[in-house]
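Heads up, the thing below is written out as structure tokens.
Chain identifiers are assigned alphabetically (A, B, ...) following the order of the sequence lines, protein sequences preceding nucleic acid strands; residue numbering begins at 1 within each chain.
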Number of protein chains: 2
Amino acid sequence: MSKTYTISDLAQEFGVTTRTLRHYEDQGLVTPARDGINRIYSPRDRVRLKLALRGKRLGFSLGEIRELFELHDLAGSERRQLEEFSVKLERRRTQLEQQREDVEVMLNEIRFFATQCQRRLTEADTPKAPVSDSAA
Amino acid sequence: MSKTYTISDLAQEFGVTTRTLRHYEDQGLVTPARDGINRIYSPRDRVRLKLALRGKRLGFSLGEIRELFELHDLAGSERRQLEEFSVKLERRRTQLEQQREDVEVMLNEIRFFATQCQRRLTEADTPKAPVSDSAA
DNA sequence: CATTGCTTTTACGTAAACGTCAATAACACT
DNA sequence: AGTGTTATTGACGTTTACGTAAAAGCAATG
């Protein structure tokens with residue numbers, strides 16, 4: 001009843017190849033239904049794909065992403081799992097906060113570089129000003 | 001005159017293996033001097049390593065990191081290179097801003113999960129409340 | 001009805017980033 | 001002189017995340 005998608009629909013929408021989608025299925029990230037032999041993706045699959053791609057941008061492995069999904073679907077699990085996962089989450093949070101800082105620093109660096117480049121490109125002369133080393 | 005480091009000094013400090021450091025040397029990220037056959041790392045190498053690891057955390061490949069270093073050391077290059085690089089920087093900036101948003105979203109997700117986990121662990125009963133699907 | 005287009009599975013290939021020996025060499029003791 | 005630690009250079013292995021090519025099945029379309 002709700003909308004469905006073909007493999008190339010989603011591939012195109014998210015800028016990945018169909019191979020990638022099949023690979024993600026192999027890895028258990030999406031579980032499209034079948035129309036005979038053809039894959040049919042649900043809105044849920046679409047959401048998962050979106051989440052998976054975000055995970056990837058953040059450096060999660062496909063395995064880790066699958067773990068997250070599994071734990072998201074967990075609903076009736078046991079204490080042990082939750083405890084383990086709680087620890088994993090904490091580690092990830094620390095990493096993400098580090099990453100947030102990294103991003104800020106890098107954005108500043110890039111802004112600096114960009115203006116440097118721009119200056120050099122506009123005032124196409126006064127050629128001898130070396131670039132400083134921004135260490136720390 | 002300024003401080004130097006052995007390969008395992010830096011490996012330990014940054015939590016990587018010596019193999020990694022040699023690999024980074026192969027990839028042109030660091031260029032330690034030699035005492036006979038042994039590697040001697042300068043503060044400059046140390047800084048580079050630090051920057052390289054930050055780059056890695058942000059998803060840069062070793063090749064891209066090397067490019068950044070080369071362009072950092074550039075000082076007397078030609079217009080073409082600068083223009084090309086300017087474009088690359090723009091792309092990266094866009095990616096990083098995306099990444100910043102990703103991090104924020106994911107941190108919120110994690111905070112949500114964490115409190116969920118905590119609730120379950122403290123009030124070890126009232127077992128039947130499924131987890132909602134936070135899509136978008 | 002043959003071609004074009006999209007799909008499927010199977011399977012080998014590959015690039016990146018190291019891991020993991022192995023064999024060897026240089027010191028540091030004791 | 002022997003033992004241990006840390007270093008070196010190969011060189012092959014491994015994991016992840018797909019790429020790519022082959023062979024084949026439906027479906028619409030000229």
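- With hydrogens and angles disregarded, no donor-acceptor distance shorter than 3.5 Å links the side chain of Glu104(B) to the backbone of Glu101(B).
- As a whole-Å value, the separation of Tyr41(A) OH from dC6(C) P is 16 Å.
- Between the CZ atom of Arg66(A) and the P atom of dT16(D) there is a distance of 10 Å, given to the nearest Å.
- Distance alone, capped at 3.5 Å, is enough to place a donor-acceptor pair between the Asp45(A) side chain and the Ser42(A) backbone.
- For the pair Asp9(A)/Tyr41(A), no side-chain contact is recorded, criterion being any heavy-atom separation below 4.5 Å from C-beta on.
- For dC18(C), one of the phosphate oxygens OP1 or OP2 lies less than 4.0 angstrom from a side-chain nitrogen or oxygen of Tyr24(B).
- Distance check, rounded to the nearest 0.5 Å: CG of Leu29(B) to NZ of Lys56(B) gives 10.5 Å.
- A salt bridge links Glu70(A) and Arg66(A); the closest N-O separation between the charged side-chain nitrogens and carboxylate oxygens is under 4.0 Å.
- For Ser8(B), a side-chain nitrogen or oxygen approaches OP1 or OP2 of dA7(D) to under 4.0 Å.
- With sequence neighbours left out, the side-chain hydrogen bond (donor to acceptor under 3.5 Å, both in side chains) criterion links Arg19(A) to no other residue.
- Between Ile7(A) atom CD1 and dG5(C) atom C1' there is a gap of 15 Å when expressed in whole angstrom units.
- Summarising the geometry, the separation between CD1 on Ile40(B) and C1' on dA7(D) is reported as 12 Å, rounded to the nearest angstrom.
- Looking at Ser8(B), its side chain never comes within 3.5 Å of a backbone N or O of Ala11(B) through a donor-acceptor pair.
- Following rounding to the nearest Å, Glu25(A) (CD) and dT7(C) (P) show an atom-to-atom distance of 14 Å.
- Closest-nucleotide positions on DNA chain C for Ile37(B) and Gly63(B) were compared, and the one nearer the 5' end corresponds to Gly63(B).
- dA17(D) atom P lies 6 Å from atom NZ of Lys56(A), rounded to whole Å.
- Listed by residue number, the members of residues 11-21 of chain A with any heavy atom below 4.0 angstrom from DNA chain D are Thr17(A), Arg19(A), Thr20(A).
- Residues Ser61(B) and Asp35(B) each lie close to DNA chain C; by heavy-atom proximity, the contact nearer the 5' end of the strand is made by Ser61(B).
- Each of dT8(D), dC18(C), dT8(C) was ranked by its minimum atom distance to the side chain of Arg34(A); first place goes to dT8(C).
- Looking at heavy-atom distances under 4.0 Å, Arg39(B) makes contact with sugar-phosphate atoms alone, never a base.
- Look at CG on Asn38(A): it is 14 Å from C1' on dA28(D), rounded to the nearest Å.
- Taking atom CZ on Arg22(B) and atom C1' on dA17(C), their separation rounds to 15 Å, with Å as the unit.
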